[in-house]
Amino acid sequence: MFAGTVLLSGGIAVGNVLLPAVARAEYGARAAVVLGVITAAMSGSASIGAGLARPMSSAAGSASAGLLLWGALVLVALLAMAALTRARRGAPRPEAAPRGARTAILRDPVALAVTLFFGFQSLSFYSMLTWLADVLESGSGVSPVAAGGLLAVATGLAVPLALVVPGLAGRRPGQQPWVLVGTVPVLAAIAGLLLAPEAAPLLWAVLYGFGSGVSFPLSMMLIVARSRDVAQTGRLSATAQSVGYLLAATGPLGVGLLHDATGAWAPGLALMFGAVVLQLLSGLAAARPRFLSPAV
């Protein structure tokens, strides 16, 4: 199971890193709009997968049989990637990376800002995905079914937002207002869960989902907007997603450990509030209209 999980996650990681570069290579100035469609497909398929995993396993008779059904969809994706590869056969290769570019990118202030923004928004999203239902059930007094429904509403907002945010944000050289749109609602939601959890659980869930739904496609769009060419887009995508997801992994773990240690959700929510403040600061830096250094 562990070996399979590593292989599966590795395949997903390769695909995720390549998608922004492919969008940039295929569509140039229109890459932001196309990346929005890609991000919406990622968010929607993830939500559908999470929702159908248990029913499909039950219908197939076992978890292993359910996984085989998902394998059919992997084959469809493989065929699509093969068709795209064939269509790009003969396309000019990007220039080789400058000497030391793969390590220099970690020192570039623009790349660092994009990476931190991607990481902190992912940390916020995955913490919500992991613990929001439990927080609502415990703090807001809603039933487990209602808490799951509120989580579904929150995560479901990501699909329509992903379709519109990159295209709209890409029309201007700077995206600072969009960073505010993606972080202020999350800060308000966490403050609400801390100070008045029973007052408006639906509002807190919607605010959290709305902010997260704006921030994820915006972070993907910034990978394209801050890089100079297709090769830089690929290098920045690899850096932002690898380092960013490592940072994001600490969120659900940290909130869970604090809850185990204290028996309350308030310390974990306070930790999340601080992380979103850092998301805001790094996002404002990443959204400034500038590019990576030519040496990266």
Side-chain angles (χ1 to χ4, degrees), residues 13 16-43 101 104-126 158 161-186 210-248 275-294 296:
N16 281 1
V17 168
L18 287 176
L19 285 172
V22 171
R24 177 72 175 268
E26 289 290 327
Y27 295 95
R30 294 180 296 154
V33 177
V34 177
L35 194 58
V37 178
I38 292 171
T39 307
M42 292 168 64
S43 300
I105 197 168
L106 295 173
R107 301 187 298 272
D108 185 90
V110 179
L112 183 60
V114 172
T115 298
L116 289 176
F117 179 64
F118 186 95
F120 282 120
Q121 67 82 26
S122 297
L123 186 154
S124 173
F125 172 76
Y126 286 111
L161 288 169
L163 289 171
V164 299
V165 168
L168 294 176
R171 292 180 180 180
R172 303 183 67 85
Q175 291 78 33
Q176 290 95 334
W178 287 99
V179 173
L180 293 173
V181 172
T183 52
V184 172
V186 178
F210 178 84
S212 299
V214 170
S215 294
F216 176 53
L218 180 62
S219 68
M220 296 288 283
M221 175 262 171
L222 287 173
I223 292 174
V224 174
R226 299 284 85 89
S227 51
R228 297 174 180 271
D229 51 37
V230 175
Q232 272 199 344
T233 299
R235 291 193 290 275
L236 181 56
S237 179
T239 302
Q241 295 198 54
S242 58
V243 177
Y245 280 130
L246 284 173
L247 176 61
V276 178
V277 169
L278 294 176
Q279 174 188 332
L280 173 60
L281 296 176
S282 59
L284 291 174
R288 291 172 57 190
R290 51 186 180 158
F291 294 101
L292 298 178
S293 166
V296 170

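Only this structure's heavy atoms are used, side chains among them; waters, hydrogens and symmetry mates stay out.
Contact record, A248 with L123: CB-N, 3.5 Å, taken as the closest heavy-atom pair. The two atoms that bring G182 and Q279 nearest to each other are O-NE2, 4.1 Å, heavy atoms only. Between F210 and L161 the shortest heavy-atom distance is O-CD1, 3.5 Å. Of all non-hydrogen atoms in V296 and R235, the two that sit nearest each other are O-NH2, 3.0 Å. Listed here is the closest heavy atom pair of P166 and P217: CG-CB, 3.7 Å. When all heavy atoms of N16 and Y245 are compared, the pair lying nearest together is ND2-OH, 4.4 Å.
With hydrogens and angles ignored, the 3.5 Å screen pairs a side-chain donor or acceptor of R226 with a backbone N or O of R290. Side-chain atoms of T39 come within 3.5 Å of backbone atoms of L35 as a donor-acceptor pair (strictly under, hydrogens ignored). The backbone N or O of A238 sits nowhere less than 3.5 Å from a side-chain atom of Q241 that would complete a donor-acceptor pair. A donor-acceptor pair under 3.5 Å is absent between the side-chain atoms of S215 and the main chain of S212, judged by distance alone.
Annotation: side chain of L222 is in contact with side chain of Q175 (closest heavy-atom distance under 4.5 Å). Contact annotation: the side chain of W178 never approaches that of R172 to less than 4.5 Å [non-hydrogen atoms, C-beta and beyond]. Contact of the L163 side chain with the V37 side chain is registered, since non-hydrogen atoms from C-beta on lie closer than 4.5 Å.
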Derivation and outcome, side chain to side chain contact (heavy atoms under 4.5 Å, CB included), residues L280 and L180: CA-CA 7 Å; L280 173 60; L180 293 173; 3.7 Å; yes

Taking it one step at a time, do M42 and L19 satisfy side chain to side chain contact (heavy atoms under 4.5 Å, CB included)? CA-CA 11 Å; M42 292 168 64; L19 285 172; 4.1 Å; yes

Applying side chain to side chain contact (heavy atoms under 4.5 Å, CB included), run through S122 and L247 and close with a yes or a no. CA-CA 8 Å; S122 297; L247 176 61; over 6 Å; no

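A distance of 11.5 Å separates OG1 in T115 from CG in L246, rounded to the nearest 0.5 Å. Atom CZ of F117 and atom OG of S282 lie 6.5 Å apart (nearest 0.5 Å). Atom OG of S293 and atom CG of D108 lie 6.0 Å apart (nearest 0.5 Å). Atoms CD1 and CG, on I105 and L292 in that order, are 5.5 Å from each other to the nearest 0.5 Å.
Heavy-atom contacts from other residues, nucleotides or ligands closer than 6.0 Å to CZ of R228 number more than 12.
R24 and Q232 form no side-chain donor-acceptor contact under 3.5 Å, judged by distance and modelled atom types alone.
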